[in-house]
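Input: a single structure, listed below in structure tokens.
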Amino acid sequence: MAKTAHARPLAAATRPVRLGPQDVIVTHRPDGSIHLTAPQPLGAYPNKLTERLQYWADVAPGRIFLAQRDATGGWRTVSYAQALAYARVIGQALLKRNLSAERPIAILSGNDIEHALLALGALYVGIPHAPISPAYSLISGDFGRLRTIFELITPGLVFAADGHAFARAIDAVVLPDVEVTVVRHPLHHRPTTAFADLLTQTPSAAVDAAHDAVGPDTIAKFLFTSGSTGTPKCVINTQRMWCANQVMLQQSLAYFSDEPPVIVDWAPWHHTAGGNHDVGLVLFNGGTFYIDEGKPMPGAIEETVRNLREIAPTWYFTVPKGFEMLLPYLRSDAELRRNFFSRVKLLWFAGAGIAQHVFDEIQEFAVQSCGDQILFLTGFGSTETAPFALARTWQSENAANMGLPAAGMDLKLVPSKGKLEARVRGPNITPGYWRQPEITAQAFDEEGFYRLGDTFKFADPNDPRQGLLFDGRIAEDYKLSTGTWVSVGPLRARFIDHFAPYVRDVVFAGP
């Protein structure tokens with residue numbers, strides 16, 4: 001049974017929002033492992049995400065699905081009915097190109113409407129696409145990581161919004177016989193297809209047949225891990241993973257079923273948080289996605305602020321750095337504060353631990369601006385979990401509290417080096433890494449649990465319902481010559497909090 005959240009009384013009451021229950025079933029096994037599952041079962045989920053596109057195109061055809069600033073500064077929009085029509089037209093064009101999992105679509109550029117429409121067309125007819133970090137094309141000097149990715153997935157079609165911007169990368173990595181399509185600035189030294197040409201097709205019965213053939217095991221996309229600890233791994237994302245994960249998310253954030261979410265979002269679509277979680281929650285629940293071309297960095301955060309002055313989200317997500325960079329604008333701009341907090345029901349952070357002083361100050365601004373506390377929640381997951389795995393659906397004084405397993409998840413905590421290593425199993429878990437069987441085998445234990453590589457501890461050992469605290473990544477921790485383990489994740493958060501606001505980040509190095 002869903003609950004309406006009312007946090008502990010502080011300066012103001014919490015804005016009511018319908019959320020999933022705060023509950024868990026805990027089982028202690030003889031081998032020392034601890035299993036945690038949600039008591040509520042996972043609801044039914046569709047065979048493919050495009051069923052939701054069809055549904056909303058029928059129920060709310062004129063509702064804005066996607067919006068992006070145009071050259072005049074206004075909003076260019078695509079409705080649900082238009083998105084479905086584009087998906088079918090693009091799907092027809094893609095079917096003619098003999099694309100498949102063996103010859104997928106590689107997307108080099110970032111978030112924009114054409115990127116979204118191309119991905120929808122591919123999803124509609126069952127052709128995987130691979131969004132790739134633009135940095136591998138625009139910043140890299142030797143294109144080493146991009147070349148490795150292309151050798152692994154062997155794309156049959158390459159998309160880039162701007163031909164000029166990506167020309168060097170395309171010349172260096174894309175084979176001469178691979179088709180390239182761009183929105184603007186076609187390449188002059190090789191044949192280039194204009195994106196507009198993909199929109200000239202007339203959908204045939206083959207499009208409907210291809211859509212009918214898409215099922216839970218169909219590969220929706222390939223996503224690459226960050227590669228911060230080595231070569232990026234190619235994570236297979238199936239339709240089952242994505243669809244099951246959206247129902248997990250909907251059961252935790254139940255108000256999405258009551259009011260379609262409106263979001264202003266910059267999170268890159270080559271990451272699972274932006275491309276799966278955020279795009280998915282809007283499409284699945286019939287919401288509206290305003291593409292934010294800002295970023296949480298100097299010279300780019302201003303665009304985010306501009307958008308948030310104009311568009312009032314009902315759910316707002318950013319990384320901890322994003323909330324930190326919003327703070328000076330929230331302090332100085334009453335109009336921004338009023339609009340931003342006017343109808344937002346939840347604030348959500350992920351990707352790293354948030355500094356406690358940032359967490360607290362955002363809450364203070366909410367009370368000052370709208371008279372309500374706004375729940376500031378988070379969750380935990382990975383590229384391999386699609387990504388939603390844990391969710392905290394209640395207010396917590398500790399920003400490191402990641403919550404409890406979502407419905408349908410089986411979380412196993414295994415004793416390891418004095419900590420509890422987390423492993424997960426469920427319909428949202430990847431079947432493995434594309435064309436990397438050895439890495440796939442190492443990623444799963446003997447019971448089929450995916451090894452997250454992270455550790456947790458109970459917020460209250462006597463009451464598991466109070467959630468799990470992130471306790472660091474196994475690969476980051478190291479041992480001193482005294483034999484003492486340094487747990488980098490929690491130590492970083494404590495260090496920043498202790499020296500706030502004078503320290504913004506810290507790096508710990510060990511042998």
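When a residue number appears, it is its place in the shown sequence, counting from 1.
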Could you tell me whether the side chain of [Y] reaches within less than 4.5 Å of the side chain of [X], counting heavy atoms only?
X    : Y    : value
F388 : N428 : no
Q54  : H211 : yes
L99  : V125 : no
V305 : L326 : yes
V158 : E179 : no

Query raised in the report: Looking at R337 and L330, what are the two nearest heavy atoms and their distance?
Result: NH1-O, 2.6 Å
Report task. Grab the two heavy atoms, one from M241 and one from E384, that are nearest each other, plus how far apart they are. Result -> CE-O, 3.9 Å
Query raised in the report: Rounded to the nearest 0.5 Å, how far apart are CG of D265 and CD1 of I291?
Result: 9.5 Å
Query raised in the report: When rounded to the nearest 0.5 angstrom, what distance separates OG1 in T272 from NE2 in H277?
Result: 9.0 Å
Would you give me the side-chain donor-acceptor pairs under 3.5 Å for residues 102-111, sequence neighbours excluded?
unit_1 : atom_1 : unit_2 : atom_2 : d
E102   : OE1    : R435   : NH2    : 2.4
R103   : NH1    : R97    : O      : 3.2
R103   : NH1    : N98    : O      : 2.8
S109   : OG     : A161   : N      : 3.0
N111   : OD1    : W269   : N      : 3.0
N111   : ND2    : A267   : O      : 2.9

Query raised in the report: When the ring planes of H164 and H185 are compared, do they come out parallel, tilted or perpendicular, using 30° and 60° as the limits?
Result: parallel
Query raised in the report: Do the rings of W56 and Y80 sit parallel, tilted or perpendicular, given the 30° and 60° boundaries?
Result: tilted
Would a line drawn from the ring center of [X] to the ring center of [Y] be shorter than 6.0 Å?
X    : Y    : result
F470 : F380 : yes
F376 : F359 : yes
F256 : F284 : no

Under a 4.0 Å threshold between the charged nitrogen and the carboxylate oxygen, would [Y] count as salt-bridged to [X]?
X    : Y    : answer
E303 : K295 : no
D372 : R15  : yes
R309 : E302 : no
D208 : R88  : yes
R69  : E310 : yes

Is [X] reaching over with its side chain to a backbone N or O of [Y], donor-acceptor style, under 3.5 angstrom?
X    : Y    : answer
T385 : G381 : no
T218 : Q239 : no
R343 : A312 : yes
R145 : S137 : no
T238 : I236 : no
T378 : M402 : no

Query raised in the report: Taking the six-membered ring of F150 as reference, does the NZ or CZ atom of R147 fall below 6.0 Å from its centre and within a 45° cone about the axis?
Result: no
Query raised in the report: Is the NZ or CZ atom of K233 positioned over W434's six-membered ring, under 6.0 angstrom from the centre and within 45° of the axis?
Result: no
Query raised in the report: Which of these, F340, Y290, F341, W348, sits in a ring-ring contact (aromatic ring centres under 6.0 Å, His included) with Y316?
Result: F340
